[in-house]
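Taking it in order: structure first as structure tokens, then the write-up.
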There are 2 protein chains.
Amino acid sequence: MIKAERIRIYDVARVAGVSVATASKALNDTGRMTEETRRRVKDTAAALGFRPNAMARALTGQRSFTVGLLTNDTYGRFTLPVMAGISEALVDEGVSVFLCGIEDDPALGKVHVDAMLDKQVDGIIATGKRVDRSLPVDLSQLPVPVVYAFTQGPKDAVTLVSDDGQGAREATERLLKSGRRRLAHITGPASFASVVERAAAFQEVAGADAPVLNGTWSEAWGHEAVAQLWGGKGPYPDAVFCGNDQIARGVVDALRERDVSVPREVSVIGFDNWEIVAAATRPPLTTVDMNLKELGREAGRLILELAKREPVEPGIRKLPCKLVVRQSCGGESAE
Amino acid sequence: MIKAERIRIYDVARVAGVSVATASKALNDTGRMTEETRRRVKDTAAALGFRPNAMARALTGQRSFTVGLLTNDTYGRFTLPVMAGISEALVDEGVSVFLCGIEDDPALGKVHVDAMLDKQVDGIIATGKRVDRSLPVDLSQLPVPVVYAFTQGPKDAVTLVSDDGQGAREATERLLKSGRRRLAHITGPASFASVVERAAAFQEVAGADAPVLNGTWSEAWGHEAVAQLWGGKGPYPDAVFCGNDQIARGVVDALRERDVSVPREVSVIGFDNWEIVAAATRPPLTTVDMNLKELGREAGRLILELAKREPVEPGIRKLPCKLVVRQSCGGESAE
DNA sequence: TTGAAAGCGCTAACAG
DNA sequence: CTGTTAGCGCTTTCAA
């Protein structure tokens with residue numbers, strides 16, 4: 001741990017033979033001066049390895065070049081891709097991200113929000129594990145802009161969600177297009193908005209009489225649902241669209257155990273593109289990717305615009321999902 | 001987004017009828033003054049909802065109450081628990097964490113480190129996905145303290161790792177104690193230090209002739225290894241200790257497909273306690289937990305001490321693993 | 001016991 | 001075109 005003295009703008013100014021003010025303007029491309037002076041200052045700064053102290057800069061009422069990411073998704077399944085996207089969108093602008101996990105604890109949430117405000121964050125992005133639930137903190141009266149990504153915000157907030165309906169529609173159409181006719185949808189609890197939306201889209205495409213089975217988000221439920229569907233007499237489904245990848249994996253495993261071949265006899269499509277589940281399934285799962293990284297990128301861009309006080313239209317923005325084709329559904333395995 | 005004026009220490013001082021200097025000292029429990037004055041200032045501050053501006057505070061050479069977490073573990077499997085622990089250890093001290101994912105890109109790493117230094121972080125914690133690899137950035141000449149957690153640091157650094165040997169030993173002993181005698185170890189590539197260490201511990205307990213099979217970290221390898229071990233004539237193993245949970249899941253599935261009962265005929269133990277894998281396995285996996293959250297907590301404590309300039313002994317600290325008993329191994333399922 | 005004043009490193013009016 | 005000056009909000013000598 002080296003305690004090398006940091007170069008201050010003062011040093012740059014001295015070496016370049018100008019005043020601190022000129023140096024500041026030169027480096028920030030503000031004010032007016034001969035191109036020669038500007039160059040000289042910039043060169044000296046580079047030569048000395050000058051890096052402005054972000055704290056000092058922030059103190060003068062500028063931006064702090066930090067934003068906070070608040071999440072209650074401890075497991076990180078949704079938050080991590082979002083975070084990656086945010087980071088990607090912000091790193092070039094020199095903005096760093098405070099990650100704050102708040103579980104579902106309002107007190108902890110408040111502590112983190114206060115800490116962020118103390119640190120003068122330029123904005124806060126809220127995210128979570130459910131699109132139809134809010135974080136246990138009120139972010140609506142904050143002195144900084146807020147963007148909601150994959151979590152519910154107040155009516156007139158800037159909110160980003162993935163387009164569950166479109167994703168489900170594409171998956172179902174794919175099944176139909178590959179010649180399947182008896183489609184079933186095995187999904188999670190009907191208390192989830194995304195379950196309702198995906199199911200509606202499914203039936204819209206597959207027909208209102210196509211069965212929808214609600215259960216839990218688990219492999220076990222996938223097994224059980226297969227037992228139900230294949231329990232009685234035929235005709236059995238020739239395609240199953242699942243509410244998430246875990247259910248889909250359960251379904252595929254259960255079908256294999258019944259000697260029903262996937263994808264020859266039955267096509268299966270999942271939802272989430274959770275790599276660890278989708279890739280390990282035999283055969284690997286075709287599944288709907290919610291594009292969470294892009295959602296994060298967009299959230300980053302928006303919070304940046306808001307931080308710069310550029311106007312941003314409030315409302316809910318739906319980002320499209322994308323079908324990732326592997327081998328559990330019929331047809332070509334290439335996109 | 002409300003632009004409410006923030007209360008400054010100046011306001012507190014004015015209302016409490018003292019000078020800013022006194023107010024500062026009162027609030028920070030420094031200097032000397034009548035207890036009455038101190039109380040009065042503190043009460044006013046509380047009443048006004050005063051929160052000190054962290055930027056301004058940091059500028060006066062104090063600490064910034066921020067630390068950076070650098071990781072190349074995009075998938076987050078190891079980083080998230082570590083992060084949770086760090087956050088838990090730091091939140092009470094008012095310290096916030098910058099999360100920086102740098103993939104394996106040295107340039108990106110430098111960008112993030114520079115950004116952190118510009119923001120005057122009090123310290124940096126480095127973490128990753130492999131204990132025996134370093135991040136693609138040199139952190140050894142930084143003006144702030146660094147702690148390495150679950151990633152390799154320089155010789156004389158402060159480093160935290162989990163005790164692979166002890167974890168493997170406990171798992172193996174458990175197998176032995178429950179009466180198993182023909183143990184096998186199915187694990188990852190021998191190029192991983194943790195593979196070597198776990199295998200050594202396994203053989204130390206199970207006997208030098210107990211087979212160790214190296215492959216990839218995948219379910220597929222678990223299947224294949226079972227095919228190898230159960231391919232020829234008996235006697236077959238009656239217990240398998242796996243290098244991670246994915247392999248273990250593959251093993252359990254493969255055994256079920258061969259109608260070998262787990263845990264009646266064969267006990268299986270995994271490594272990592274990756275909830276999503278361990279819990280979904282049928283039967284649920286007994287597995288070694290690396291206690292990454294505690295590792296994070298410890299990293300947080302250490303970086304805090306270093307930031308406060310308290311002396312910290314350099315060197316590698318091994319934190320114990322803990323066996324999490326579910327149902328895939330014999331014996332009681334309770335701890 | 002308290003307060004005035006200097007200054008952390010930088011930016012932004014305003015002069016020159 | 002460039003420099004002087006005044007802060008940003010807080011902590012910290014140093015006097016009173």
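Every heavy atom of this structure was used, including side-chain atoms; hydrogens, water molecules and symmetry mates were not.
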Please list, by residue number, the residues of residues 43-58 of chain A whose heavy atoms come closer than 4.0 Å to an atom of DNA chain C; answer none if no residue qualifies. A:Phe50, A:Pro52, A:Asn53, A:Ala56, A:Arg57

Quick check on contacts: within residues 10-38 of chain B, what sits under 4.0 Å from DNA chain D by heavy-atom distance? B:Ala21, B:Ser24, B:Asn28

Using whole Å, what does the distance between atom P of nucleotide C:dT1 and atom CZ of B:Arg39 come to? 17 Å

Calculate the interatomic distance between A:Ile9 atom CD1 and D:dT5 atom C1'; express it in whole Å. 15 Å

Euclidean distance, atom CG of residue A:Leu117 to atom C1' of D:dG9 [Å, nearest integer]: 16 Å

May I ask you to decide whether B:Glu93 forms a salt bridge with B:Arg63, counting only side-chain N to carboxylate O separations under 4.0 Å? no

Over how many whole Å does the gap from B:Leu59 atom CG to D:dC10 atom P extend? 12 Å

Would you name the heavy atoms of B:Ala45 and B:Leu27 that are closest together and state the gap between them? CB-CD2, 3.7 Å

Should A:Arg6 and A:Asp11 count as an ion pair when the cut-off is N to O under 4.0 Å? no

Between A:Gln120 and D:dG9, is there a side-chain N or O to OP1/OP2 distance below 4.0 Å? no

Test B:Thr71 against every option in B:Thr127, B:Thr151, B:Thr79 by the side-chain hydrogen bond (donor to acceptor under 3.5 Å, both in side chains) rule and name the one that passes. B:Thr79

Considering non-hydrogen atoms only, spot the tightest contact between B:Ser162 and B:Leu295 and give its length. N-CD1, 3.7 Å

A:Lys119 NZ to D:dG9 P: how many Å, rounded? 18 Å

Heavy-atom closest contact (A:Arg57 atom, A:Pro52 atom, distance): NH2-CG, 3.0 Å

Exactly one of A:Arg38, A:Arg39, A:Met33, A:Arg40 should register a side chain to side chain contact (heavy atoms under 4.5 Å, CB included) with A:Glu36. Which one does? A:Arg40

For A:Leu70 and A:Met116, which heavy atoms make the closest approach, and how far apart are they? CD1-CE, 4.0 Å

Given atom CD of B:Gln62 and atom P of D:dT11, what is their separation to the nearest angstrom? 7 Å

